[in-house]
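Worksheet: the structure to be examined is printed underneath.
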2 protein chains.
Amino acid sequence: MLISKEKQFDIWSQELSIPIPAIDIVIFTVYQNELCVVLLKQDFEWESSYILPGGIIAKWFSLEENFDDILKRKTWITGVYKEQLYTFWSPKRDKRGHTLSISYFALVSMDNFFKNIDFTKVAIVKYKDINEKNIGFKDKNIGSDHFEIIQYAKQRLEWKLEYTNVAKEILPEKFKMSQLQAIYEIITGNIYDKRNFQKKIFSLQILLETGEFDSSTNRPAKLYTFKDKDLKIIEKNSFV
Amino acid sequence: MLISKEKQFDIWSQELSIPIPAIDIVIFTVYQNELCVVLLKQDFEWESSYILPGGIIAKWFSLEENFDDILKRKTWITGVYKEQLYTFWSPKRDKRGHTLSISYFALVSMDNFFKNIDFTKVAIVKYKDINEKNIGFKDKNIGSDHFEIIQYAKQRLEWKLEYTNVAKEILPEKFKMSQLQAIYEIITGNIYDKRNFQKKIFSLQILLETGEFDSSTNRPAKLYTFKDKDLKIIEKNSFV
DNA sequence: ACAAAAGTGTTTATATTACACCCATGA
DNA sequence: TCATGGGTGTAATATAAACACTTTTGT
């Protein structure tokens with residue numbers, strides 16, 4: 001006998017002494033010079049409410065495979081940078097489903113983003129517009145801690161930006177120095193002197209000059225690209 | 001009808017499409033001038049094999065409560081510093097139980113350690129003596145990735161030591177500068193010039209002089225204590 | 001010619017590294 | 001008196017921070 005996924009879920013949540021492991025995804029992008037998060041949307045008469053894309057995991061697949069599957073089903077986005085964040089659980093969270101949230105942090109470039117995303121399913125919400133009130137579907141008792149998870153992800157993003165070349169996951173393949181600086185300024189909320197910024201970035205030795213120029217605005221700007229294709233952790237000096 | 005925990009576990013692992021969430025604990029201490037890990041032991045004729053203390057979580061309690069319960073049941077250790085590490089899952093791990101491992105990293109001071117630990121249950125293994133061969137009970141097909149988890153925890157420990165005052169969780173309440181330096185040297189594997197080490201530590205402003213001295217060896221040594229009772233992240237300079 | 005973004009150097013302050021001798025105590 | 005671990009300072013180098021004008025292009 002086949003039972004629907006919903007039904008099966010409700011049986012589990014009552015019968016078992018364990019919480020049900022699920023994945024929740026905080027996916028950031030930079031859009032219109034703002035840090036944004038891709039969220040699932042529910043509209044009420046005069047307001048909107050959002051939750052993180054997520055779903056229950058299947059034991060036949062790895063966490064990464066489950067992530068890819070869930071993100072694709074919920075948003076149609078594929079091929080993003082992803083990293084596990086933290087696992088959240090409390091007996092109070094998500095009373096209906098009793099799900100344990102293995103949260104992931106993801107980055108998507110605007111290129112990839114517009115190629116893949118399904119706008120009938122998701123909303124792009126400015127990070128600064130997200131607050132406790134518009135996160136979580138109160139009536140269904142889900143997403144109660146999604147605001148906290150987003151905060152946690154933002155912290156991780158700032159950290160990663162400082163210590164790795166992860167900015168490449170948000171930028172197009174080739175970019176000008178001012179675009180790179182903008183990413184850092186948007187995400188950290190600081191503004192930097194462009195001479196010092198450039199000196200710092202060059203000292204990290206993570207960029208290559210392409211020899212090409214962007215002529216879209218006034219004086220043509222040199223285009224750079226990241227040297228390493230994979231995530232590179234920038235080594236810090238020893239403790240002492 | 002009551003069914004035993006073992007039996008129930010086996011039913012779950014077969015019937016469910018989800019993995020069973022469990023906690024695995026990597027608990028470090030510094031003992032006899034060596035970095036050590038507290039592990040559960042199984043002796044064979046001519047060799048020993050170890051796994052991480054761990055157990056299945058109950059949804060009636062938070063992760064922290066589950067952690068405390070599991071650690072106490074398995075080792076009798078209580079009141080340690082703990083921090084969630086990472087959640088490991090793959091369809092290949094732990095074939096019998098299909099458990100998903102929410103791993104934790106913990107630190108225990110020798111003081112606390114000897115007050116609480118139950119040596120009939122656990123072994124204290126030098127970190128450097130741990131290898132793929134002596135971790136995991138092959139016959140029972142458990143702990144297959146515990147070596148990987150320990151490596152991950154060691155990395156986190158080094159990081160925490162550099163960026164926080166977490167050393168306080170391993171040291172006694174009052175300690176001399178050379179003890180603090182030893183902790184750093186043992187864990188990072190580096191050796192430091194004691195003048196530079198002192199300058200660095202003082203610059204972080206995380207210590208207080210107690211005014212007391214340790215007279216146990218030769219010239220009496222000043223005793224210090226940590227200024228903050230809670231974990232303090234040492235702010236790094238801004239990116240640029 | 002002017003508006004807009006790109007490009008470029010120097011000075012000062014701070015942090016890091018390398019390095020060696022004297023001190024207080026117990027045995 | 002000597003062996004042991006504790007305590008202390010300075011000079012050289014490297015990194016970070018503050019700061020403003022010129023260049024190239026499109027309009």
Side-chain angles (χ1 to χ4, degrees), chain A residues 30 32-33 158-159 161-163 167 171-172 174-186 188-225 233-240, chain B residues 30 32-33 158 161-164 167 171-172 174-186 188-225 233-240:
Chain A
V30 170
Q32 292 179 343
N33 297 319
E158 286 182 39
W159 187 88
L161 205 63
E162 295 211 354
Y163 291 95
L171 286 163
K174 294 168 187 175
F175 52 87
K176 39 188 188 169
M177 188 58 70
S178 61
Q179 286 177 288
L180 180 62
Q181 186 172 340
I183 294 288
Y184 277 82
E185 291 182 340
I186 290 163
T188 67
N190 299 321
I191 54 168
Y192 303 116
D193 178 276
K194 64 180 172 176
R195 286 161 294 186
N196 291 342
F197 181 82
Q198 213 170 111
K199 250 179 288 180
K200 176 73 181 189
I201 292 289
F202 286 151
S203 78
L204 301 178
Q205 308 206 67
I206 56 179
L207 296 188
L208 290 176
E209 279 196 35
T210 61
E212 297 170 52
F213 289 82
D214 173 327
S215 303
S216 62
T217 56
N218 309 315
R219 176 170 175 175
K222 284 183 188 169
L223 287 171
Y224 298 90
T225 192
I233 294 170
I234 296 152
E235 298 297 336
K236 170 188 118 59
N237 315 325
S238 80
F239 177 67
V240 177
Chain B
V30 169
Q32 294 180 340
N33 296 318
E158 286 181 39
L161 205 64
E162 295 210 354
Y163 291 96
T164 73
L171 285 164
K174 295 167 186 174
F175 51 87
K176 37 188 189 169
M177 188 58 72
S178 61
Q179 287 177 288
L180 180 63
Q181 186 172 341
I183 294 289
Y184 277 81
E185 292 183 339
I186 289 164
T188 67
N190 299 322
I191 54 168
Y192 304 117
D193 178 277
K194 63 182 172 178
R195 285 161 295 187
N196 291 342
F197 181 81
Q198 216 170 109
K199 245 180 293 180
K200 177 71 180 191
I201 292 289
F202 286 150
S203 78
L204 301 178
Q205 308 206 66
I206 55 179
L207 295 188
L208 291 176
E209 278 195 36
T210 61
E212 298 171 51
F213 288 82
D214 172 327
S215 302
S216 63
T217 56
N218 310 316
R219 176 170 174 173
K222 285 182 187 169
L223 287 171
Y224 297 91
T225 192
I233 294 169
I234 295 153
E235 298 297 336
K236 172 189 117 57
N237 315 325
S238 80
F239 177 67
V240 177

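Quick note on labels: first sequence line is chain A, next is B, and so on, each numbered from 1. What you are looking at is a predicted structure, and each value in this text was computed from that prediction instead of being measured.
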A/Y184 and A/Y192: aromatic ring centres closer than 6.0 Å?
no
Using whole Å, report how far CD of B/Q179 lies from C1' of D/dG5.
12 Å
Give the rounded distance in Å between these two atoms: CZ of B/F197 and P of D/dG6.
13 Å
Backbone N or O of B/K176 within a donor-acceptor pair of the B/Q179 side chain at under 3.5 Å?
yes
Just the rounded figure in Å: distance from P of C/dA5 to CG of A/L223.
17 Å
Atom CD1 of B/I201 to atom C1' of C/dA15: distance rounded to whole Å?
15 Å
Tell me whether the side-chain N/O atoms of B/K199 come closer than 4.0 Å to OP1 or OP2 in C/dA15.
no
So, is B/S178 close to the D/dG5 phosphate, meaning a side-chain N or O under 4.0 Å from OP1 or OP2?
no
Is there a donor and acceptor pair closer than 3.5 Å between the side chain of B/N196 and the base of C/dA18?
yes
For the pair A/T210 (side chain) and A/L223 (backbone), establish whether a donor and an acceptor sit closer than 3.5 Å, ignoring hydrogens and angles.
yes
Closest to the 5' end of DNA chain D, once B/V240 and A/K194 are matched to their nearest nucleotides, is B/V240
Could you tell me the separation between the CG atom of B/N33 and the C1' atom of D/dG5, rounded to a whole number of Å?
14 Å
Just compare D/dG7, C/dA6, D/dT25 and give me whichever is closest to any side-chain atom of A/A221.
C/dA6
Rounded distance in Å - OH (B/Y192) to P (C/dA15)
19 Å
Rounded distance (Å) that lies between atom P of C/dA5 and atom CG of A/N218
6 Å
Taking only the side-chain nitrogens and oxygens of B/K176, find out if one of them lies under 4.0 Å from OP1 or OP2 of D/dG6.
yes
Classify B/S203 by what it touches in the nucleic acid, base, sugar-phosphate, or nothing, heavy-atom distance under 4.0 Å.
nothing
Sorted by position of nearest nucleotide on DNA chain C, 5' first, the leading residue of B/K200 and A/R195 is A/R195
A/L204 atom CG, over 12 foreign heavy atoms within 6.0 Å
yes
Please report the distance, rounded to the nearest Å, between CG in B/D193 and P in D/dG6.
14 Å
Mind telling me whether A/Y224 and A/F175 have parallel, tilted or perpendicular rings, with 30° and 60° as the class edges?
tilted
Side-chain atoms of A/R219 come closest, of D/dT8, C/dT8, D/dT23, to D/dT23
